[in-house]
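For reference, the structure discussed in these notes is given below.
Quantities reported herein were computed from a predicted structural model and do not represent experimental measurements.
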Amino acid sequence: MHSTAFAQETVSVGSVNGETIYLDEVMQVAEQLPEEYRRQPLDSYFGQLVDDVINTRLAAKAATADGLQNEQLIIDAIRIATNRILAEAYMASEVRKDVDDAAIEAAYNRFVADSDSREEISARHILVNSEEEALGLIDKLREGADFSALAKEFSTGPSGPKGGDLGYFGRGQMVPDFEAAAFNLEIGTFSSQPVRTQFGWHVIKLEDKRVAAPASLEEMRGQIANSLSQQALARLIEELRSDANISTRSFEDIRADAIAARDQ
């Protein structure tokens, strides 16, 4: 990473009025482009990026000649931009300390050891519009009725024609009340009470349980790095704020002052 950055800082792409334009400045502009542009081959718009840098330098030079850098609005904008750039650089530097190969491997090993998070179940359900209908179906099941046949006949859900078969799913893939009821069943049993969700009333039967094989470390590296980065950033922000004396005003008070200032 450092060698790439160094190369970009030393590779010239042109000049304007005798001042060299380096590749890293052009690539910083590229990073600000919308994603749909960045998906295109770099060579298809690289010339436009260089022109943008040239135009920016020329306009900034003209602004400096006019003394705009001494106007308070510009001073304030530079200060805000500087603070944001410094903050982003500091946070990125600190987060990188916590997200190295060792941390990623340790997080992956914890994931592999936590088989509960990879538990999957296979279930069927019958969806009806009222609790009374669901209770009637539970009575039929207790009398020995076939679950799949009842689902085909009575279920209003899209899985009804397939006997209510939902296939395998893991935690977090179903609405919470349905998930809790399904995962708490024993294999081969059905819910003794109807389960209500925003879709209606469910009767659930658990077909099977299994623990899904974990993806490889390389397959999960990006996901784990992103998760660790978010956790490290949250900790860093919490530490910074805990050491600061912070006060804020209500939006209503701020709006009132802004209106008063505008009307003066």
Side-chain angles (χ1 to χ4, degrees), residues 1-111 215-241 243-244:
M1 179 180 296
H2 296 295
S3 60
T4 302
F6 177 78
Q8 291 183 2
E9 291 171 359
T10 59
V11 174
S12 168
V13 300
S15 66
V16 55
N17 292 331
E19 296 181 356
T20 302
I21 301 170
Y22 290 102
L23 179 59
D24 68 321
E25 185 175 355
V26 178
M27 296 312 298
Q28 286 180 34
V29 176
E31 290 173 2
Q32 304 305 314
L33 292 174
E35 185 177 352
E36 58 267 25
Y37 286 96
R38 288 186 279 116
R39 289 199 197 105
Q40 304 300 318
L42 180 60
D43 59 359
S44 68
Y45 59 89
F46 187 79
Q48 294 176 335
L49 296 176
V50 175
D51 283 342
D52 184 85
V53 172
I54 292 172
N55 296 340
T56 298
R57 285 203 185 184
L58 291 172
K61 197 81 170 180
T64 301
D66 285 350
L68 289 181
Q69 74 278 13
N70 299 317
E71 293 189 4
Q72 191 59 49
L73 282 175
I74 303 301
I75 293 171
D76 291 342
I78 292 173
R79 172 179 52 81
I80 292 170
T82 299
N83 284 342
R84 181 162 294 279
I85 291 170
L86 285 172
E88 290 177 353
Y90 172 74
M91 289 188 289
S93 175
E94 291 299 302
V95 166
R96 279 196 296 270
K97 295 176 184 178
D98 290 336
V99 188
D100 55 14
D101 287 340
I104 292 172
E105 186 173 350
Y108 176 76
N109 290 336
R110 289 194 297 272
F111 169 75
S216 70
L217 172 59
E218 289 311 308
E219 290 173 318
M220 295 192 65
R221 182 176 294 276
Q223 177 184 341
I224 293 173
N226 183 59
S227 177
L228 290 177
S229 296
Q230 291 178 355
Q231 294 170 24
L233 181 59
R235 288 194 301 270
L236 177 60
I237 294 297
E238 184 177 353
E239 291 172 4
L240 292 172
R241 292 179 69 90
D243 292 335

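Ile237 and Met91 make their closest contact through CD1-SD, 3.6 Å (heavy atoms, listed as atom of the first residue, atom of the second, distance). Taking all atoms of both residues into account, the shortest heavy-atom contact from Tyr45 to Tyr37 is CE2-O, 3.3 Å. Heavy atoms only, all atoms of each residue included: Leu217 and Ile104 are closest at CD1-CG2, 4.0 Å. Taking both residues in full, the closest heavy atoms of Glu25 and Ile21 are given as OE1-CG2, 4.4 Å, listed atom of the first, atom of the second, then distance. The shortest heavy-atom contact between Arg38 and Ala30 is CD-O, 3.3 Å.
In this structure, Ile85 CD1 and Ile80 CD1 are separated by 12.0 Å, a value rounded to the nearest 0.5 Å. Summarising the geometry, atom CD1 belonging to Ile54 is positioned 12.0 Å from atom CD belonging to Glu19; distances are rounded to the nearest 0.5 Å. We find the CG-CD distance between Leu236 and Glu238 to be 10.5 Å, quoted to the nearest 0.5 Å. Taking CD1 from Ile78 and CG from Leu73, the interatomic distance works out to 11.0 Å, rounded to the nearest 0.5 Å. Rounding to the nearest 0.5 Å places OG of Ser227 at 11.0 Å from CZ of Phe111. Put simply, CD on Glu88 and CG on Asn83 are 11.0 Å apart, with the number rounded to the nearest 0.5 Å.
Comment: Glu36 does not engage Arg39 in a salt bridge, judged by the lack of any side-chain N to carboxylate O separation of less than 4.0 angstrom. By the 4.0 Å N-to-carboxylate-O rule, Glu94 lies too far from Arg235 to be salt-bridged with it. Using a 4.0 Å cut-off between charged side-chain N and carboxylate O, Arg110 and Glu105 make no salt bridge.
In this structure, the side chains of Leu23 and Phe46 come closer than 4.5 Å at one or more pairs of heavy atoms. Annotation: side chain of Leu228 is not in contact with side chain of Asp98 (no heavy-atom distance under 4.5 Å). Between Leu42 and Leu49, the closest side-chain pair of non-hydrogen atoms falls below 4.5 Å. Asp101 is listed as a side-chain neighbour of Arg221, based on a closest heavy-atom distance under 4.5 Å. Put simply, the side chain of Tyr22 does not reach to within 4.5 Å of the side chain of Thr10, judged on heavy atoms. Ile224 has its side chain out of reach of Val99: every pair of non-hydrogen atoms, C-beta onward, lies at least 4.5 Å apart. Taking the side chain as every heavy atom from C-beta outward, Arg79 and Arg84 never approach each other to under 4.5 Å.
Atom CG of Asn17 has 12 or fewer neighbouring heavy atoms from other residues, nucleotides or ligands inside a 6.0 Å radius.
Checking side-chain atoms of Thr64 against main-chain N and O of Ala60 turns up a donor-acceptor pair under 3.5 Å. Distance alone, capped at 3.5 Å, places no donor-acceptor pair between the Ser15 side chain and the Gly18 backbone.
In this structure, a donor-acceptor pair under 3.5 Å is absent between the side chains of Asp52 and Gln48.
Under the rule for a side-chain hydrogen bond (donor to acceptor under 3.5 Å, both in side chains), Gln230 has no partner lying at least two apart in sequence or in another chain.
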